[in-house]
*Asks:* 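Quick one: structure below, then a few questions.
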Number of protein chains: 2
Amino acid sequence: MNSDFSLAVHSLLLLAHHSEQMITSDVIAASACVHPVRARKILSLLCKNHYICSKEGAGGGFFLAKHATDIWLDELYQLISTGSLKPKCPKRNDDCLIGSNIEHVLEGIFSEAEKQVVKFLNGYNIADVLKLIKQEQN
Amino acid sequence: MNSDFSLAVHSLLLLAHHSEQMITSDVIAASACVHPVRARKILSLLCKNHYICSKEGAGGGFFLAKHATDIWLDELYQLISTGSLKPKCPKRNDDCLIGSNIEHVLEGIFSEAEKQVVKFLNGYNIADVLKLIKQEQN
DNA sequence: CTTAATGTAATAATAAATATTACAGTTAAA
DNA sequence: TTTAACTGTAATATTTATTATTACATTAAG
């Protein structure tokens with residue numbers, strides 16, 4: 001999986017950890033060690049899906065739109081990373097029983113497998129993850 | 001996930017479907033639309049793990065070392081794709097509570113999630129998948 | 001107005017995946 | 001006993017995916 005999911009979770013954890021103040025994309029990007037434009041792209045997606053709010057202009061930034069206990073990893077996974085479990089298939093080969101059908105069959109199996117992942121991630125919200133992060137620190 | 005898992009499964013399905021004869025890496029590669037050298041690399045891994053046997057020299061090739069009902073997707077996933085579910089994390093940031101601990105915490109969560117995937121894939125062997133492929137054809 | 005922010009498209013650079021080349025080792029059979 | 005057809009594998013090149021960068025429009029505070 002690429003790092004979009006981690007970046008989204010990182011951003012939300014940071015906003016949850018400083019829930020009293022607004023935070024800029026530059027601060028989030030520096031904390032996550034990614035480029036601010038990329039951070040804004042992910043933040044923009046989180047805005048559109050009502051996990052956070054943004055305020056434009058000087059003194060602007062981002063803040064949580066929901067309590068950290070109401071942001072669940074399964075939803076974030078589905079928003080950002082659906083399909084990433086499924087193994088890529090090389091080019092379809094219509095001259096071959098296997099080559100013409102393997103992609104669709106693996107698609108079926110791995111979309112079910114992904115449901116198990118989603119069900120498991122439903123056990124964690126951002127507040128839970130922040131708690132784990134703090135425990136880690138000790 | 002990259003296509004190594006699909007390629008391994010494709011190879012095993014082909015060998016299961018033609019279980020009476022030996023098949024060369026060139027035939028397998030052509031069926032899967034990948035380069036023969038890459039096919040041999042995966043086949044070599046399957047050999048070392050006793051899923052298939054190889055015979056070198058003229059008239060050589062590959063054949064199953066086990067019955068198709070004894071080759072399970074969970075084992076193949078663990079052999080080939082362990083860790084591919086875990087989201088990549090950008091660079092660690094020791095100046096930051098989140099940035100210094102997120103990787104380890106996500107590692108923990110996603111390695112548990114991956115166990116769910118493995119448990120689910122334990123429901124499918126190569127014979128099952130071949131049956132699904134044949135059903136698909138109709 | 002000017003400065004500090006978000007929003008986003010277009011392009012460049014880097015990293016990961018895949019293909020290709022090259023060649024050594026093995027075996028059947030001409 | 002040499003040749004052709006295979007596997008085995010390292011080293012390199014190409015392609016694709018990911019990430020960073022540049023550029024600029026928009027918004028709002030002071």
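What you are looking at is a predicted structure, and each value in this text was computed from that prediction instead of being measured. In what follows, every chain begins at residue 1, and chains take the letters A, B, ... in the order their sequences are listed.
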*Asks:* So if I take residues 25-37 of chain B and measure heavy-atom distances to DNA chain D, which residues fall below 4.0 Å?
*Replies:*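 Close to the strand are B:Ser25, B:Val37.
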*Asks:* Atom CG of A:Leu43 and atom C1' of C:dT8: how far apart are they, to the nearest Å?
*Replies:*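 Going from A:Leu43 (CG) to C:dT8 (C1'), I get 14 Å.
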*Asks:* Can you work out whether A:Gly59 or A:Ser44 has the more 5'-proximal nearest nucleotide on DNA chain C?
*Replies:*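 Its nucleotide being nearer the 5' end, the pick is A:Gly59.
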*Asks:* If the cut-off is 4.0 Å, is B:Lys48 near the phosphate of D:dT9, judged by side-chain N/O to OP1 or OP2?
*Replies:*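 Looking at the OP1 and OP2 atoms of D:dT9, one of them is under 4.0 Å from a side-chain N or O of B:Lys48.
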*Asks:* Within this structure, what is the CE-to-P distance between A:Met1 and D:dA17, rounded to whole angstrom?
*Replies:*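 Going from CE in A:Met1 over to P in D:dA17 covers 18 Å.
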*Asks:* Is the side chain of B:Asn122 donor-acceptor paired with the backbone N or O of B:Val118 at a distance under 3.5 Å, no angle test?
*Replies:*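 No; judged by distance alone, with no hydrogens or angles, the pair does not exist.
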*Asks:* Please check if the side chain of B:Ser31 supplies one atom and the backbone of B:Val27 the other of a donor-acceptor pair under 3.5 Å.
*Replies:*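 The answer is no, because no donor-acceptor pair under 3.5 Å joins these two groups.
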*Asks:* Round to the nearest Å and state the distance from A:Ile52 atom CD1 to C:dT6 atom C1'.
*Replies:*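 Whole-Å distance recorded here is 11 Å.
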*Asks:* According to the ring pair (Phe, Tyr, Trp, His ring centres under 6.0 Å) rule, which pairs have a member within residues 75-107 of chain B, sequence neighbours left out?
*Replies:*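 Matches after skipping sequence neighbours: none remain.
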*Asks:* In whole Å, I'd like the distance from the CG atom of A:Leu7 to the P atom of D:dT19.
*Replies:*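 Taking CG of A:Leu7 and P of D:dT19, I get 9 Å after rounding.
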*Asks:* Could you list, one pair per line, each protein nitrogen or oxygen that sits under 3.5 Å from a nitrogen or oxygen of nucleotides 24-27 of chain D, together with the distance?
*Replies:*
unit_1 : atom_1 : unit_2  : atom_2 : d
D:dT27 : O4'    : A:Glu56 : OE1    : 2.7
D:dT27 : O2     : A:Gly57 : N      : 3.2

*Asks:* Please answer whether the main-chain N or O of A:Lys88 pairs with a side-chain N or O of B:Ser3 as donor and acceptor at a distance below 3.5 Å.
*Replies:*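 No.
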*Asks:* Starting from C1' on D:dT7, measure out to CD1 on B:Ile42 and report it in whole angstrom.
*Replies:*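 For the pair B:Ile42 CD1 and D:dT7 C1', the rounded distance is 15 Å.
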*Asks:* Measuring from A:Lys41:NZ to A:Arg38:CZ, what's the distance to the nearest 0.5 Å?
*Replies:*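 Going from NZ on A:Lys41 over to CZ on A:Arg38, the span is 8.0 Å.
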*Asks:* 5'-most contact on DNA chain D: B:Lys88 or B:Gly61, nearest heavy atom basis?
*Replies:*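 Nearest nucleotide further toward 5': that of B:Gly61.
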*Asks:* Would you say A:Ser54 places a side-chain N or O within less than 4.0 Å of OP1 or OP2 belonging to C:dA5?
*Replies:*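 No.
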*Asks:* Rounded to the nearest Å, what distance is computed from the CZ atom of residue A:Phe62 to the P atom of nucleotide C:dA5?
*Replies:*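 Whole-Å distance recorded here is 12 Å.
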*Asks:* Does B:Ala127 offer a backbone N or O that forms a donor-acceptor pair with the side chain of B:Asn125 under 3.5 Å?
*Replies:*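 Yes, the answer is positive, given that a donor and an acceptor are paired below the 3.5 Å cut-off.
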*Asks:* Which pairs pass salt bridge (Lys or Arg N to Asp or Glu O under 4.0 Å) with one or both residues in residues 120-134 of chain A, sequence neighbours excluded?
*Replies:*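 Those involving residues 120-134 of chain A do not exist here.
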*Asks:* Name every donor-acceptor pair, under 3.5 Å, that has one atom in a side chain of residues 52-67 of chain A and the other anywhere in the protein, sequence neighbours excluded.
*Replies:*
unit_1  : atom_1 : unit_2  : atom_2 : d
A:His67 : ND1    : A:Thr69 : N      : 3.1
A:His67 : ND1    : A:Thr69 : OG1    : 2.7

*Asks:* Given D:dA5, is OP1 or OP2 found less than 4.0 Å from the side-chain N or O atoms of B:Thr24?
*Replies:*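 So the side chain of B:Thr24 is outside the cut-off, no N or O lying under 4.0 Å from OP1 or OP2 of D:dA5.
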*Asks:* Please give, in whole Å, the distance from D:dT22 C1' to A:Lys41 NZ?
*Replies:*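 It works out to 15 Å between those atoms.
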*Asks:* Taking only residues two or more places apart in sequence or in another chain, which ones pass ring-ring contact (aromatic ring centres under 6.0 Å, His included) with B:Phe110?
*Replies:*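 Here the qualifying residues are A:Phe5.
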*Asks:* How long is the line joining CG of A:Asp4 and P of D:dA17, in whole Å?
*Replies:*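 The answer, rounded to whole Å, is 15 Å.
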